[in-house]
Structure formats: structure tokens, C-alpha cells
Amino acid sequence: DSIKASKYQPRQSIDANSLRELSESIKEKGFIQPIVARKLKDGFEIVAGARRFQAAKLLGIKEIPTIIKELNDKDTFMLAIMENLQRKNLNPLEEALAFKRLMEEFGLTLEDVGKVLGKDKSSIANTLRLLKLPSEIQEALRRGIIARTQARTILAFATEKEQIDIFHQMLKEGLSVRDLERRVKRASPKTKKPLDPFVVDMEEKLQKALGTKVKIIEIKKKNNRGKIIIEYYSANDLERITKKVL
């Protein structure tokens with residue numbers, strides 16, 4: 001009763017069936033691994049092991065093995081994310097929201113998140129881009145109706161209407177990622193030419209230097225005109241990129 005759930009738990013929901021299975025496992029074999037908690041003024045807060053804690057409550061267990069750590073808010077959130085990522089307990093949208101929260105609440109850059117979690121910066125950036133999807137598609141991703149690869153391919157469609165339309169077609173027709181990619185190509189202007197190898201090289205160098213997704217669009221090849229689109233994922237990330245540019 002002195003243990004409470006954490007506001008820094010990145011997982012937003014726990015599947016009822018998997019929780020019952022875990023309860024049966026604990027009932028039969030006991031706790032194989034203790035939970036991790038930190039001391040608060042009015043008790044303890046879970047850092048890692050929210051499912052084990054809920055399963056124990058289902059069984060009416062009064063005491064559970066617990067490791068107590070002294071952690072600040074940032075370290076608590078980081079440890080919770082790392083445990084869930086290692087166990088593959090987070091869906092893609094939960095990952096994206098956790099990365100965004102680390103950047104907005106704790107001032108971490110895209111590079112910082114990648115280093116701490118042992119993930120490539122481009123992987124972090126691609127996961128964050130899922131938050132740009134319409135809410136209807138985000139919900140389908142959260143519920144596992146569509147896969148991460150399908151969601152990322154939908155992002156290739158330029159407008160929200162196109163994204164929602166292709167999403168509904170995908171559900172109705174059972175479109176695969178390859179089917180989606182073919183429709184992306186058909187939706188692209190036929191006059192669009194592949195980028196010059198030099199421009200592609202510059203795009204890659206900018207992405208590496210700025211630590212974020214960069215897109216170079218050629219407007220008029222004749223006089224070498226174009227524009228550069230630089231993505232950022234929080235106010236802190238924008239400030240970091242600006243300092244690099246200036």
C-alpha cells in the first residue's frame with residue numbers, strides 16, 4: 001500500500017491478458033526479479049516493474065521484493081524508459097512520446113537521447129516523426145492495428161488528407177508496406193527528377209552535422225536554386241540546432 005505508480009512511466013496502458021498471465025507466473029514461481037522504487041516523502045514510487053506490481057496486487061500479495069534507489073526525476077524517467085525498451089514493452093507511439101518528453105522536460109538533445117538509450121540519432125528522429133501523423137493514425141499505431149513501418153510510409157504522403165485517405169485504403173484493402181510505397185511513387189509528381197549526387201551528399205553531411213533530419217529540395221536546377229528543410233523536435237532541439245548554425 002505504500003507503493004504508488006510513477007508519473008514517469010512511459011507505458012500508457014497494460015494489456016489485461018498479459019497481466020493475468022504474469023499473475024499466474026508469479027503465483028506459480030514467485031518473483032524472479034524484484035521491482036525498483038525510489039523513496040518519497042509519503043512512501044515509494046515505482047521506477048521499474050509496474051507490471052509486476054500490478055500483477056502482485058491482482059493476487060492480493062502484501063509484500064514484494066523491492067530494490068530502493070536514490071534517483072532524481074530525470075534518472076527515474078531514463079531508467080523506466082531503458083527497462084521498457086530492453087523488454088520491448090513500449091509501442092512505437094509510447095517510444096515517441098517518451099523521447100519527446102525527455103527533450104522537452106529535461107532539456108536533452110536528440111544526440112543526448114541517442115547516447116543514453118544506445119540508439120542511433122536517425123532512429124530517434126524517425127520515431128519522433130510518428131507524432132506528426134493525424135491523431136486517428138496515431139491511435140491505430142498505439143493499438144497495434146498498423147505497424148511502425150506502415151506508419152512511417154504513410155508519412156511520405158504530403159498532406160494530412162492524403163495520409164488519412166491512404167490509411168483507410170490500407171485498412172480496407174490490406175495494403176502492405178510495399179503496396180504503400182508504390183502508391184507514394186504514383187502520388188509524387190511525374191516531373192520530379194532524382195536529386196543530383198552532390199545534393200544527396202550535402203544532405204547527408206548536413207544531417208550528420210546538425211544531428212537531425214534534413215531535406216534539400218531543388219526548385220530550379222538551371223540556376224541551382226532550392227531550399228533546405230531542417231526538422232526539430234522541441235524548443236531545446238531548435239536552440240541546439242540554431243547554435244550549431246550560428
Side-chain angles (χ1 to χ4, degrees), residues 10-12 81 84-85 88 90-171 175-185 187-188 192 195 199-200 202-217 227-242 244-245:
R11 189 197 322 209
Q12 297 179 339
I81 293 173
N84 279 286
L85 286 177
K88 298 182 179 179
L90 299 180
N91 64 55
L93 198 63
E94 287 173 333
E95 281 187 31
L97 289 169
F99 298 158
K100 182 183 179 184
R101 196 172 174 187
L102 281 173
M103 297 170 76
E104 290 185 347
E105 288 189 31
F106 301 106
L108 271 66
T109 66
L110 198 68
E111 190 171 19
D112 293 334
V113 176
K115 282 181 179 179
V116 173
L117 299 179
K119 284 183 168 286
D120 185 81
K121 286 186 295 184
S122 62
S123 174
I124 301 290
N126 283 329
T127 300
L128 284 165
R129 289 183 67 231
L130 297 173
L131 298 176
K132 294 184 176 183
L133 287 165
S135 57
E136 180 182 359
I137 303 177
Q138 287 190 32
E139 178 62 15
L141 182 61
R142 185 189 68 79
R143 293 169 57 191
I145 295 172
I146 63 172
R148 183 195 301 259
T149 49
Q150 290 172 311
R152 284 179 57 181
T153 308
I154 290 173
L155 279 166
F157 289 87
T159 68
E160 181 173 312
K161 183 181 183 306
E162 287 177 315
Q163 291 173 356
I164 291 174
D165 286 347
I166 195 64
F167 167 67
H168 289 156
Q169 287 177 37
M170 184 187 69
L171 295 183
L175 301 178
S176 66
V177 172
R178 185 163 293 182
D179 293 329
L180 291 173
E181 289 172 345
R182 280 196 287 265
R183 298 201 181 193
V184 169
K185 290 179 181 178
S188 300
K192 190 176 179 182
L195 287 177
V199 176
V200 173
M202 290 298 102
E203 190 174 86
E204 291 176 354
K205 286 180 178 178
L206 280 171
Q207 288 184 157
K208 187 174 182 182
L210 298 177
T212 191
K213 186 175 179 62
V214 176
K215 184 72 177 175
I216 297 177
I217 300 174
K227 61 182 179 180
I228 301 172
I229 300 174
I230 302 171
E231 292 195 9
Y232 65 92
Y233 305 98
S234 69
N236 288 316
D237 201 33
L238 175 59
E239 185 178 6
R240 173 188 67 81
I241 294 168
T242 303
K244 283 186 178 258
V245 174

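Side-chain atoms are counted along with the backbone in the values below, which use heavy atoms only and exclude waters and symmetry mates. Keep in mind that what you see is a predicted model, and the values were worked out from it rather than measured.
- Checking Ser234 against Asp237 by side-chain atom types alone, no donor-acceptor pair falls below 3.5 Å.
- Between Ile146 atom CD1 and Leu171 atom CG the span is 7.5 Å, to the nearest 0.5 Å.
- When side chains are defined from C-beta on, Leu131 counts as touching Leu97, because their heavy atoms get closer than 4.5 Å.
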Test log, rule side-chain contact (heavy atoms from CB on, under 4.5 Å), inputs Ile216 and Met202 | CA-CA 8 Å; Ile216 297 177; Met202 290 298 102; 4.0 Å; yes
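- From Ile241, atom CD1 reaches atom OG1 of Thr212 across 4.5 Å, with rounding to the nearest 0.5 Å.
- In this structure, CD1 in Ile154 is found 10.5 Å from CD in Gln169, a value given to the nearest 0.5 Å.
- A salt bridge links Lys161 to Asp165: one of the charged nitrogens lies within less than 4.0 Å of a carboxylate oxygen.
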Start with the C-alpha distance between Leu180 and Thr149, add both sets of side-chain angles, then the distance that settles side-chain contact (heavy atoms from CB on, under 4.5 Å), and finish with yes or no.
-> CA-CA 10 Å; Leu180 291 173; Thr149 49; over 6 Å; no
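- Using modelled atom types, one side-chain atom of Gln163 and one backbone atom of Phe157 make a donor-acceptor pair closer than 3.5 Å.
- In this structure, the side chains of Val116 and Leu102 stay at 4.5 Å or more apart for every pair of heavy atoms.
- In this structure, Phe167 and Glu162 have side chains that are not in contact, with every pair of non-hydrogen atoms separated by 4.5 Å or more.
- In plain terms, the two heavy atoms of Leu128 and Ala96 that are nearest each other are CD2-O, 3.6 Å.
- Inter-residue side-chain proximity for Thr127 and Phe99 is flagged as met; some heavy-atom pair is nearer than 4.5 Å.
- Contact check for Arg129 versus Tyr233: side-chain heavy atoms found under the 4.5 Å cut-off.
- In this structure a side-chain-to-backbone donor-acceptor pair under 3.5 Å is present from Gln138 to Leu133.
- Atom NZ of Lys205 has 12 or fewer neighbouring heavy atoms from other residues, nucleotides or ligands inside a 6.0 Å radius.
- A donor-acceptor pair is defined here as one N or O able to donate and one able to accept, closer than 3.5 Å; no such pair exists between the side chain of Glu94 and the backbone of Arg142.
- Inspection of the Asn126 and Ser123 side chains reveals no N or O donor paired with an N or O acceptor under 3.5 Å.
- In terms of the side chain to side chain donor-acceptor pair (under 3.5 Å) criterion, Thr153 has no residue partners (sequence neighbours excluded).
- Applying the side-chain contact (heavy atoms from CB on, under 4.5 Å) rule to Arg101 yields the partners Tyr8, Phe77, Glu105; only residues at least two apart in sequence or on another chain are considered.
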Under the side-chain contact (heavy atoms from CB on, under 4.5 Å) criterion, do Glu136 and His168 qualify, and how do the steps go?
-> CA-CA 10 Å; Glu136 180 182 359; His168 289 156; 2.7 Å; yes
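- In this structure, CG on Leu175 lies 7.5 Å from CE on Met170, to the nearest 0.5 angstrom.
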Test log, rule side-chain contact (heavy atoms from CB on, under 4.5 Å), inputs Ile230 and Leu206 | CA-CA 9 Å; Ile230 302 171; Leu206 280 171; over 6 Å; no
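- Two residues are said to be in side-chain contact when any heavy atoms from C-beta on lie closer than 4.5 Å; Thr242 and Val245 fail this criterion.
- The two residues Ile81 and Ala98 have their closest heavy-atom pair at CD1-CB, 3.8 Å.
- Looking only at side-chain heavy atoms (C-beta outward), Leu110 and Arg240 come within less than 4.5 Å of each other.
- Side-chain atoms of Glu95 and Ile124, non-hydrogen and from C-beta on, never get closer than 4.5 Å to each other.
- Taking Lys244 as the reference, nothing meets the side chain to side chain donor-acceptor pair (under 3.5 Å) condition, with sequence neighbours excluded.
- The minimum heavy-atom distance linking Glu160 with Pro134 is given by the pair CG-CG, 3.4 Å.
- A donor-acceptor contact shorter than 3.5 Å links the side chain of Asn236 to the backbone of Met103.
- Within the 3.5 Å criterion, the main-chain N or O of Val214 finds a donor-acceptor partner in the side chain of Gln207.
- We find the CG-CD distance between Asp179 and Gln150 to be 10.0 Å, quoted to the nearest 0.5 Å.
- Interatomic distance, Ile217 CD1 to Glu203 CD, rounded to the nearest 0.5 Å: 9.0 Å.
- Not one N or O on the side chain of Glu231 forms a donor-acceptor pair closer than 3.5 Å with the backbone of Lys213.
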